[in-house]
Amino acid sequence: MDKVKVVKIEDRIPKLKEHRKQKANRRLIYYLSFFFLLLVVVVYFQSDLSHVKKITVSGNYFVTDDEILKKSQISTNTKYLNISEENIQKRLDSISEISSVTIEKQFFNHVVINVKEYQRVGYFKKDNTYYPMLQNGKMLEPLNKNERPVNAPVIVSWKDPEQLETMAQELQKLPEGIIHRISEITHTPESDNPSKLTLFMTDGNKVVTSISKFSERLSAYPSLISEIKPDEKGTFYLGISTRFERYNREVTEEKNEEN
């Protein structure tokens, strides 16, 4: 039968004391660490370290940085951890030109406001005043007297707001290159075609079409231009069928009718 090893109590006491000492030390380190962490948090929130250090606005063209920052209510006095992305988005959504907003928090206390704007698809002319029109059909405040429309057509003689909104939606579907080719869009309704349009192009040609399938039909304009001589100018009729009439032919026909 194996002998049982017996450890005397006198031999175990030093080990028990050492174990208790180690346990007490670990507990002390835990409390000290917690106290130090709490102290760091308090100091952080009471100091400038908790404030936003840098704010970057990107993606905006028509709306200024200052306007976005003012509306967002963010500044270098704002607590970084108190920033609510949802609240900022709601504030900026009230700006007509802005379609969407995303907020990024980056190191160190850097806030990035990414803005996506509605495009200006045209300028509505009324009483010699130009009102920028967004792709969602909304009208902005008129341009200053010293400002002129750029990179978008002028829309004149328009009385039906519903059709104007449809027109805006059609314009946004067009490639930017084609929009820049349109100088003026005039609503020229007829009894059998209340949505008839007459377009004056920057290259000197005219286009007669309608609101229905406007973007689809006008998308073919570059290829239609390539089929005529560079010095030829006239009117493109874009409807169920497509045809081109030179200006000199139209003038001749008018003279013949007069005679």
Side-chain angles (χ1 to χ4, degrees), residues 52 54-78 82-105 110-187 195 197 199-200 202 211-212 214-216 218-219:
V52 172
K54 184 180 179 181
I55 307 171
T56 302
V57 180
S58 66
N60 56 312
Y61 179 78
F62 297 110
V63 187
T64 64
D65 289 358
D66 289 341
E67 185 177 355
I68 290 173
L69 291 175
K70 183 178 180 180
K71 200 72 176 181
S72 69
Q73 299 180 14
I74 301 177
S75 70
T76 52
N77 293 322
T78 305
N82 289 344
I83 291 177
S84 169
E85 297 180 29
E86 184 178 352
N87 288 341
I88 295 173
Q89 289 171 343
K90 286 181 179 178
R91 295 186 196 115
L92 294 180
D93 282 344
S94 63
I95 300 177
S96 299
E97 293 96 325
I98 293 179
S99 63
S100 64
V101 179
T102 57
I103 310 297
E104 295 180 31
K105 292 182 178 180
H110 181 192
V111 178
V112 180
I113 304 176
N114 297 305
V115 172
K116 185 177 180 181
E117 295 178 327
Y118 288 113
Q119 295 300 311
R120 295 188 183 188
V121 295
Y123 293 85
F124 182 68
K125 185 179 180 182
K126 183 178 180 182
D127 300 329
N128 292 322
T129 302
Y130 298 96
Y131 298 82
M133 184 175 71
L134 303 179
Q135 63 189 82
N136 60 351
K138 289 184 178 180
M139 296 290 180
L140 303 180
E141 293 297 317
L143 299 180
N144 296 326
K145 290 184 178 180
N146 58 339
E147 290 184 281
R148 285 293 178 267
V150 292
N151 298 330
V154 175
I155 300 172
V156 298
S157 302
W158 212 290
K159 297 180 180 179
D160 190 337
E162 291 185 5
Q163 285 190 328
L164 189 59
E165 185 175 345
T166 304
M167 186 73 250
Q169 294 171 358
E170 287 293 316
L171 281 169
Q172 70 165 316
K173 298 176 186 177
L174 284 175
E176 189 174 331
I178 295 181
I179 289 180
H180 293 172
R181 289 190 175 198
I182 307 172
S183 175
E184 184 177 295
I185 300 175
T186 305
H187 190 200
S195 64
L197 302 173
L199 282 63
F200 296 89
T202 57
I211 299 174
S212 176
F214 173 85
S215 57
E216 179 183 334
L218 208 66
S219 293

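Throughout, numbering of the chain's residues begins at 1 and tracks the sequence. Side chains are part of it too, since the values below use all heavy atoms of this structure and drop only hydrogens, waters and symmetry mates.
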request  = Please round to the nearest 0.5 Å and tell me the distance separating atom OG of S212 and atom CD of Q163.
outcome  = 11.0 Å
message = My understanding is that only residues two or more places apart in sequence, or in another chain, count here; which of them pass side-chain hydrogen bond (donor to acceptor under 3.5 Å, both in side chains) with T166?
response = none
ask   = Do other residues, nucleotides or ligands put more than 12 heavy atoms under 6.0 Å from the NZ atom of K105?
value = yes
ask   = Sub-3.5 Å donor-acceptor pair from the side chain of T56 to the main-chain atoms of V112, do we have one?
value = no
ask   = Heavy-atom distance under 4.5 Å between the side chains of K71 and V63, does that happen here?
value = no
note = Correct closest heavy-atom pair for E104 and N114 would be OE2-ND2, 2.8 Å
query = Would the number of heavy atoms belonging to other residues, nucleotides or ligands and lying under 6.0 Å from CG of D127 be above 12?
reply = no
query = Less than 4.5 Å apart, any side-chain heavy atom of R148 and any of L143?
reply = no
task = Compare every heavy atom of W158 with every heavy atom of I185, then report the nearest pair and how far apart it is.
result = CG2-CZ3, 4.1 Å
request  = Report the distance from atom CG of L140 to atom OH of Y123, rounding to the nearest 0.5 Å.
outcome  = 9.0 Å
query = How far apart are the C-alpha atoms of T78 and I55, what are their side-chain angles, what is the distance that settles it, and do they pass the side-chain contact (heavy atoms from CB on, under 4.5 Å) test?
reply = CA-CA 11 Å; T78 305; I55 307 171; over 6 Å; no
inquiry  = Tell me if a side-chain donor or acceptor on N136 pairs with a main-chain N or O of K138 at a distance below 3.5 Å.
reply    = yes
query = Nearest heavy-atom pair of H180 and N151: which atoms, and what distance?
reply = CD2-O, 3.3 Å
remark   = Applied to residues 84-93, the salt bridge (charged side-chain N to carboxylate O under 4.0 Å, His left out) test, sequence neighbours excluded, yields E86-K90
message = Within the 4.5 Å heavy-atom criterion, are Q135 and L171 side-chain neighbours or not?
response = no
message = Please give me the minimum heavy-atom distance between S96 and L134, naming the atom from each residue.
response = O-CD1, 3.3 Å
ask   = From Y130 OH over to E147 CD, what is the distance, rounded to the nearest 0.5 angstrom?
value = 12.0 Å
message = Quick check: closest heavy atoms across V101 and Q89, and the distance to 0.1 Å?
response = O-NE2, 3.1 Å
note = Y131 meets the side chain to side chain contact (heavy atoms under 4.5 Å, CB included) criterion, sequence neighbours left out, with F124, K126, T129, M139, P142
query = Roughly how far, to the nearest 0.5 Å, is the CD1 atom of I74 from the CG atom of N82?
reply = 11.5 Å
message = According to salt bridge (charged side-chain N to carboxylate O under 4.0 Å, His left out), who are the partners of E141, at least two apart in sequence or on a separate chain?
response = none
query = Okay, side chain of E117, backbone of F62: is any donor-acceptor separation there less than 3.5 Å?
reply = yes
inquiry  = Does M133 form a side-chain contact (heavy atoms from CB on, under 4.5 Å) with L164? I'd like the steps, not just the answer.
reply    = CA-CA 10 Å; M133 184 175 71; L164 189 59; 3.8 Å; yes
note = CD1 (I88) and CD1 (I103) are apart, to the nearest 0.5 Å, by 4.5 Å
key: Any I182 side-chain heavy atom under 4.5 Å of L174 side chain   = yes
query = Which pairs, with at least one residue in residues 173-184 and sequence neighbours excluded, count as a salt bridge (charged side-chain N to carboxylate O under 4.0 Å, His left out)?
reply = E170-K173
Non-neighbouring partners of T76 that pass side-chain hydrogen bond (donor to acceptor under 3.5 Å, both in side chains), sequence neighbours left out = none
inquiry  = If I take atom CD1 from residue I113 and atom CD1 from residue I68, how far apart are they, to the nearest 0.5 angstrom?
reply    = 7.0 Å
query = Are I179 and P153 close enough that some pair of their side-chain heavy atoms sits under 4.5 Å apart?
reply = yes
task = Report the C-alpha distance between V154 and S183 in whole Å, list the side-chain angles of each, state the deciding distance to 0.1 Å, and finish with yes or no for side-chain contact (heavy atoms from CB on, under 4.5 Å).
result = CA-CA 6 Å; V154 175; S183 175; over 6 Å; no
request  = Could you please spell out the steps behind the side-chain contact (heavy atoms from CB on, under 4.5 Å) verdict for I95 and V115?
outcome  = CA-CA 11 Å; I95 300 177; V115 172; over 6 Å; no
